[in-house]
Amino acid sequence: MTGHSHASPQDPAQDLHRLVACEYCDALYERTALAPGERATCLRCGGVLYRESSGAYRRLLPLVVTALILFLVSNTYPIVEMDLKGVRTETTLWGAVQALHSDHMTLVALLVFGTTILFPLSEMLMMCYLLVPMARHRMPAGFDRIVRGIRQTRPWGMIEVFMIGVLVTVVKLSTMAQVIPGVALWSFGALVVVLAAMLSFDPRDLWHYLEPSGADEAPPREDAR
Ligand SMILES: [Zn+2]
């Protein structure tokens, strides 16, 4: 290092970038490159530190967009159509939430709304908010807060639990009425699969694909002035 007094300002940040702390016991490690499909585990407690996820990262934006489209279809079309002695009824997810509410099951209505509409939708939108600028090598504003938001929202999305409930109900009702699966039932099934793929990606790994570019996007420095 001779002659270059202006070393890259990102050097300390790059060093920090390579450190990874065990989520379970706080042991600190230096990140090393992994082969596809490999994962690093903590020497002390055996917890998973990180996985090789660059392949998963490349598939992430198409996955999120697919999930959003399936979500839209699932909420537009009826889940089931029922024919009970000539009387036809059909319901959408939102219709079911409203029916629960008007049957004085407001708490259940809120739970269904939160776990099947609100939380999954907000997670997908937050992912888009991060991934679209990142695809153009730009840093989205509030990156850290959004990553944290995604991790906090995740446990509340329970579309797969809802799907099992719907399937059990459909099977039970089919003994009393003619039940015709609606478009949304199929798209919900597909959504569960796509979401499972999306959820296998840890949003914290996004930090490693963030490319700081341009002086105005460097991390805040805490120099005393
Ligand atoms: Zn550990």
Worksheet item: In Å and rounded to the nearest 0.5 Å, what is the CD to OG1 distance from Glu160 to Thr115?
Response: 9.5 Å

Discussion item. Tell me whether the count of non-hydrogen atoms from other residues, nucleotides or ligands lying under 6.0 Å of CZ in Phe113 goes above 12.
Written reply: yes

Worksheet item: According to a 4.5 Å side-chain heavy-atom criterion applied to Ile, Leu, Val, Met, Phe, Trp and Tyr, with indirect links allowed, do Leu70 and Leu125 form part of one hydrophobic cluster?
Response: yes

Practice prompt. For residues 118-136, pull every pair meeting side chain to side chain donor-acceptor pair (under 3.5 Å), keeping only residues two or more places apart or in separate chains.
Written response: Glu123-Arg154

Worksheet item: Tell me the side chain to side chain donor-acceptor pair (under 3.5 Å) pairs involving residues 162-188, sequence neighbours left out?
Response: Ser74-Ser187

Practice prompt. Go through the structure and list residues passing salt bridge (Lys or Arg N to Asp or Glu O under 4.0 Å) with Arg58, not counting sequence neighbours.
Written response: none

Fill in: Pairwise salt bridge (Lys or Arg N to Asp or Glu O under 4.0 Å) hits with a residue in residues 187-199, at least two apart
none

Worksheet entry | Interatomic spacing from CG in Leu185 to CD1 in Ile180 - rounded to 0.5 Å | 12.0 Å

Practice prompt. Take Val183 and Thr76 through the test side-chain contact (heavy atoms from CB on, under 4.5 Å) and record every step on the way to the result.
Written response: CA-CA 9 Å; Val183 174; Thr76 313; over 6 Å; no

Worksheet item: Got a sec, which pairs hit side chain to side chain donor-acceptor pair (under 3.5 Å) with one end in residues 35-52, sequence neighbours left out?
Response: Glu52-Ser54

Practice prompt. With rounding to the nearest 0.5 Å, note down the distance linking CZ in Arg151 to CD1 in Ile146.
Written response: 15.0 Å

Discussion item. Can a donor-acceptor pair be found, under 3.5 Å and without considering hydrogens, that links the side chain of Asp202 to the backbone of Arg204?
Written reply: yes

Practice prompt. Apply side-chain contact (heavy atoms from CB on, under 4.5 Å) to Asp144 and list each qualifying residue two or more places apart in sequence or on a separate chain.
Written response: Arg148, Trp207

Show me the donor-acceptor pairs, under 3.5 Å and distance only, between side chains in residues 191-201 and residues at least two apart or in other chains.
unit_1: Ser200; atom_1: OG; unit_2: Ala197; atom_2: O; d: 2.7

Practice prompt. Using the side-chain contact (heavy atoms from CB on, under 4.5 Å) rule, take Asn75 and Thr116 through it: C-alpha gap first, then chi angles, then the decisive distance, then the call.
Written response: CA-CA 10 Å; Asn75 280 286; Thr116 62; over 6 Å; no

Worksheet entry | Test side-chain contact (heavy atoms from CB on, under 4.5 Å) applied to Val132 - qualifying residues, sequence neighbours left out | Leu61

Discussion item. With a 6.0 Å cut-off (strictly less than), is the heavy-atom count around CG of Asp103, excluding the residue itself, greater than 12?
Written reply: yes

Practice prompt. Could I get the full list of ring-ring contact (aromatic ring centres under 6.0 Å, His included) partners for Phe71, not counting sequence neighbours?
Written response: none

Worksheet item: Linking I/L/V/M/F/W/Y whenever their side-chain heavy atoms sit closer than 4.5 Å, directly or via other members, would Leu111 and Ile79 fall into one cluster?
Response: no

Practice prompt. Determine, using the 4.5 Å side-chain heavy-atom cutoff (strictly less than), whether Ile69 and Ile159 are members of one ILVMFWY cluster.
Written response: yes

Worksheet entry | Nearest-0.5 Å distance, CG of residue Leu130 to CE of residue Met126 | 8.5 Å

Worksheet item: Quick one: does Leu49's side chain get under 4.5 Å of Cys22's, heavy atoms only?
Response: yes

Worksheet item: If you look at every heavy atom in Tyr77 and Ala184, which pair is closest and at what distance?
Response: O-CB, 3.1 Å

Practice prompt. Can you see which heavy atom on Met127 is nearest to which on Ile150, and at what distance?
Written response: SD-CD1, 3.7 Å

Practice prompt. Taking the side chain as every heavy atom from C-beta outward, state whether Tyr57 and His208 have any pair of such atoms under 4.5 Å apart.
Written response: no

Considering only distance and modelled atom types, tabulate donor-acceptor pairs under 3.5 Å from the side chains of residues 84-96, sequence neighbours left out.
unit_1: Arg88; atom_1: NH1; unit_2: Glu81; atom_2: OE1; d: 2.5
unit_1: Thr91; atom_1: OG1; unit_2: Ala96; atom_2: N; d: 3.4
unit_1: Thr92; atom_1: OG1; unit_2: Gly95; atom_2: N; d: 3.0

Discussion item. Do Leu110 and Leu100 have side chains that approach each other closer than 4.5 Å (heavy atoms only, starting at C-beta)?
Written reply: no

Worksheet item: Pairs in or reaching into residues 65-78: which pass salt bridge (Lys or Arg N to Asp or Glu O under 4.0 Å), with residues at least two apart or in two chains?
Response: none

Practice prompt. Using the rule that two of Ile, Leu, Val, Met, Phe, Trp, Tyr join whenever any of their side-chain heavy atoms come within less than 4.5 Å, decide whether Val48 and Leu43 are in one cluster.
Written response: no

Worksheet item: Side-chain heavy atoms under 4.5 angstrom apart, residues restricted to Ile, Leu, Val, Met, Phe, Trp, Tyr: same cluster for Val147 and Leu121?
Response: yes

Fill in: side-chain contact (heavy atoms from CB on, under 4.5 Å) involving Pro62 - partner list, sequence neighbours excluded
none

